[in-house]
Amino acid sequence: MPFFIWSSQGPRYRELTTVNEEKRTLELSGHVGLRSLPDQLVKRAVKQGYSFNILCVGETGIGKSTLINTLFRIIFENEEASHYDEEVKVLPRTYDLQESNVNLKLTVVHTVGFGDQINHVKSSEPILEYIDAQFKRYLEEELKIKRSLWNYHDTRIHACLYFIAPNGHSLKALDLVTMKKLDSKVNIIPVIAKADTLTRNELVNLKIKVMSELVSNGVQIYQFPTEDEAVAEINSSMNTQLPFAVIGSTENVTVGNKTVKGRMYPWGSIQVENENHCDLVKLREMLLRVNMEDLREQTHTRHYELYRRCKLEEMGFKDPTLDNQSFSLQKTYEAKRKEFIKELQHKEESMRQMFVNKVKEAEVELKEKEKELQGRFELLKTMHQEEKKNLEEKKREMEEEMNAFNRRKVAAETLMGQALQGSSQQPFKKDKDKKK
């Protein structure tokens, strides 16, 4: 019921809906073409194509790549990972798949090196950062003035296959901590990998133990929706069989007259697409055929909306109040700008004060070093003067010794000359005496 109300800012238009007001459905008297709307949407969706992104989290060598190959019945190119990575790496790979006239852009995100480190404190950080980065990219595209969401490649994670090691006991602490951090960001579907290593009783007990630990630790995994009557029965049944026990294999084995995907053992064979042997078919049905669109919708309406709301609240945005006061983007921008400038000035003042303190500390340190160098200089100068004085004293002594040596040398040469002269005159006198 529309009406006008008066305020200090003039009349405002408001529409009220009473609680007891009944909605009327009007029947058309002839065909106008409304029935073709679903066909139009289907044609448009098929022409545009779909995107689906799967995050595989699990230890190295647990069979993540093999299971993805088995799910989609194709061998994707993938590098073998080692157990010696120092940190967890997130590697996304995108593939274009086609079945009949439906095109799917599939992105498989592998967590290389997960669980290989001795310290697992930071094992989940790269995964969480990657998920938030995809939310951030989508939010930035939404906030652009000129948007192109109709052909935007959505890389947000729609499903997280969390691989549980078949140890037969319970979940590891790393699994619980990681899933607890992921449950508010992605749709977690736990699977028990390499289920052929467990007996039936061990598998049943492990499923019960895993679900009990998830509930007791408050970990929220993805529940297949039961609101739609068309899939309510099968989804309710599948919810009771979580986590799925899966076996992956791309090898062909011959069973009777048929060639199927499986594994051959000395005691017999395992068919990966036999529901009596594992839950691979159930996982494929729930993940791809029945609930793919719900996984995409849950990602957008639940996980992305939570991220978007938190980010917009950090930026200062808020919804209109109960009295229907309109939200002013300009006021919010100005308030955030003033807050940012104030924070920037505070940081600038802090950095300036820090710089002044650093300069003062450097000046004090330089003065101390200068004083130390001056003391060393004075010490070296004193030592140099004493050494110079000692050298001059030695020089003087050596000069006196040289003078004395020269005097002795002259005296010795004089004596030697006199002696030679005397010895030369004595033979002459003897000869003279002989003649006489």
Side-chain angles (χ1 to χ4, degrees), residues 28 30-56 65 67-78 92-110 131 134-135 137-144 146-161 186-189 222-238 244 250 261 273 280-305 307-308:
L28 302 177
H31 174 71
V32 297
L34 297 183
R35 289 181 298 179
S36 66
L37 182 58
D39 297 332
Q40 296 177 34
L41 295 177
V42 170
K43 290 180 181 179
R44 181 179 179 183
V46 170
K47 181 179 179 180
Q48 185 178 356
Y50 301 88
S51 64
F52 192 63
N53 309 314
I54 301 176
L55 172 66
C56 298
S65 301
L67 181 65
I68 294 297
N69 295 340
T70 310
L71 275 176
F72 291 92
R73 295 178 176 174
I74 189 173
I75 298 178
F76 298 108
E77 296 181 359
N78 193 24
R93 299 288 176 85
T94 302
Y95 311 94
D96 291 322
L97 307 181
Q98 183 176 6
E99 184 181 23
S100 185
N101 64 335
V102 178
N103 296 317
L104 176 66
K105 188 179 289 292
L106 174 68
T107 300
V108 181
V109 183
H110 293 280
I131 296 172
Q134 310 319 305
F135 285 154
R137 287 182 65 241
Y138 194 89
L139 179 60
E140 290 175 350
E141 185 66 27
E142 273 191 339
L143 296 178
K144 285 182 179 179
K146 187 178 180 181
R147 303 185 299 180
S148 57
L149 291 175
W150 64 276
N151 63 349
Y152 175 78
H153 179 206
D154 187 5
T155 57
R156 296 173 297 177
I157 300 299
H158 300 128
C160 171
L161 295 180
V186 291
N187 302 310
I188 301 177
I189 302 177
Y222 174 73
Q223 295 290 317
F224 304 116
T226 57
E227 292 81 8
D228 188 358
E229 295 180 357
V231 295
E233 183 177 355
I234 185 174
N235 280 347
S236 297
S237 175
M238 291 299 105
F244 292 126
T250 57
K261 297 293 182 181
E273 295 186 350
L280 177 70
V281 174
K282 298 175 183 176
L283 175 62
R284 181 188 289 149
E285 291 288 303
M286 293 296 99
L287 185 66
L288 304 179
R289 190 181 70 85
V290 180
N291 298 301
M292 177 186 285
E293 186 58 32
D294 184 74
L295 288 165
R296 288 158 44 92
E297 183 180 350
Q298 286 291 322
T299 299
H300 183 77
T301 59
R302 180 188 170 194
H303 303 297
Y304 170 69
E305 282 299 321
Y307 174 86
R308 176 179 175 273

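When reading the values below, keep in mind they use all heavy atoms of this one structure, side chains included, and skip hydrogens, waters and symmetry mates.
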- Does Arg156 have any salt bridge (Lys or Arg N to Asp or Glu O under 4.0 Å) partners at least two apart in sequence or in another chain, and if so, which?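 For Arg156 the salt bridge (Lys or Arg N to Asp or Glu O under 4.0 Å) partners, ignoring immediate neighbours, are Asp154.
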- Hey, are the side chains of Ile68 and Cys56 touching, using non-hydrogen atoms and a 4.5 Å cut-off?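 Result yes, sub-4.5 Å side-chain heavy-atom pair found.
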Under 3.5 Å, which donor-acceptor pairs do the side chains of residues 281-289 form with other protein atoms, sequence neighbours left out?
{"residue": "Lys282", "atom": "NZ", "partner": "Gln241", "partner atom": "OE1", "Å": "2.6"}
{"residue": "Arg284", "atom": "NE", "partner": "Leu71", "partner atom": "O", "Å": "2.9"}
{"residue": "Arg284", "atom": "NH1", "partner": "Glu273", "partner atom": "OE2", "Å": "3.4"}
{"residue": "Arg284", "atom": "NH2", "partner": "Thr70", "partner atom": "O", "Å": "2.8"}
{"residue": "Arg284", "atom": "NH2", "partner": "Leu71", "partner atom": "O", "Å": "3.4"}
{"residue": "Arg284", "atom": "NH2", "partner": "Glu273", "partner atom": "OE2", "Å": "3.2"}
{"residue": "Glu285", "atom": "OE1", "partner": "Arg289", "partner atom": "NE", "Å": "2.2"}
{"residue": "Glu285", "atom": "OE1", "partner": "Arg289", "partner atom": "NH2", "Å": "2.8"}

- Message: Does the plane of the ring in Tyr138 sit parallel, tilted or perpendicular to the ring in Tyr152? Use 30° and 60° as the thresholds.
- Response: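 Ring orientation of Tyr138 relative to Tyr152: perpendicular.
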- Query: What class does the angle between the rings of His300 and Tyr304 fall in, given that below 30° is parallel, 30 to 60° is tilted and above 60° is perpendicular?
  - Reply: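 Ring orientation of His300 relative to Tyr304: parallel.
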Say you draw a straight line from [atom1] of [X] to [atom2] of [Y]; how long is it, rounded to the nearest 0.5 Å?
X      : Y      : atom1 : atom2 : value
Asn235 : Glu227 : CG    : CD    : 9.0 Å
Gln298 : Gln223 : CD    : CD    : 11.0 Å
Lys105 : Leu97  : NZ    : CG    : 10.0 Å
Leu104 : Tyr95  : CG    : OH    : 13.0 Å
Asn53  : Leu295 : CG    : CG    : 11.0 Å
Thr107 : Arg93  : OG1   : CZ    : 11.5 Å

Report yes or no: does [X] contribute a side-chain atom to a donor-acceptor pair with the main-chain N or O of [Y] at less than 3.5 Å?
X      : Y      : answer
Glu229 : Val231 : no
Ser236 : Ala232 : yes
Glu141 : Ser148 : yes

- Mind checking side-chain hydrogen bond (donor to acceptor under 3.5 Å, both in side chains) for Thr299 and listing every partner two or more places apart, or none if nothing turns up?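 side-chain hydrogen bond (donor to acceptor under 3.5 Å, both in side chains) list for Thr299, sorted by chain: Asn187.
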- Message: The criterion is side-chain hydrogen bond (donor to acceptor under 3.5 Å, both in side chains); which residues satisfy it with Asn69, sequence neighbours excluded?
- Response: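 So Asn69 forms no side-chain hydrogen bond (donor to acceptor under 3.5 Å, both in side chains) with any residue.
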- Item | Thr94 vs His153, side chain to side chain contact (heavy atoms under 4.5 Å, CB included): CA-CA, chis, key distance, verdict | CA-CA 11 Å; Thr94 302; His153 179 206; 4.2 Å; yes
- Basic-acidic side-chain contact under 4.0 Å: Arg137, Glu140: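 No, no charged N to carboxylate O under 4.0 Å.
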- Message: Using the rule given for side chain to side chain contact (heavy atoms under 4.5 Å, CB included), can you reason through Val290 versus Phe224, listing the C-alpha separation, both sets of side-chain angles and the distance that settles it, and then say yes or no?
- Response: CA-CA 9 Å; Val290 180; Phe224 304 116; over 6 Å; no
- Query: Who pairs with Ser65 by side chain to side chain contact (heavy atoms under 4.5 Å, CB included), at least two apart in sequence or on another chain?
  - Reply: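 Applying side chain to side chain contact (heavy atoms under 4.5 Å, CB included) to Ser65 gives Asn78, His110.
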- Message: Under the criterion side chain to side chain contact (heavy atoms under 4.5 Å, CB included), I'd like the reasoning laid out for Asp96 against Asn103: C-alpha separation, chi angles, the key distance, then a yes or no.
- Response: CA-CA 7 Å; Asp96 291 322; Asn103 296 317; over 6 Å; no
For residues 38-48, dump all side-chain donor-acceptor pairs below 3.5 Å to protein atoms at least two apart in sequence or in another chain.
{"residue": "Gln40", "atom": "NE2", "partner": "Ser36", "partner atom": "OG", "Å": "3.2"}
{"residue": "Gln48", "atom": "NE2", "partner": "Trp150", "partner atom": "O", "Å": "2.3"}

- Item | Partner of His158 by ring-ring contact (aromatic ring centres under 6.0 Å, His included), out of Phe52, Tyr222, Tyr50 |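 Going through the options one by one, the only one that passes is Phe52.
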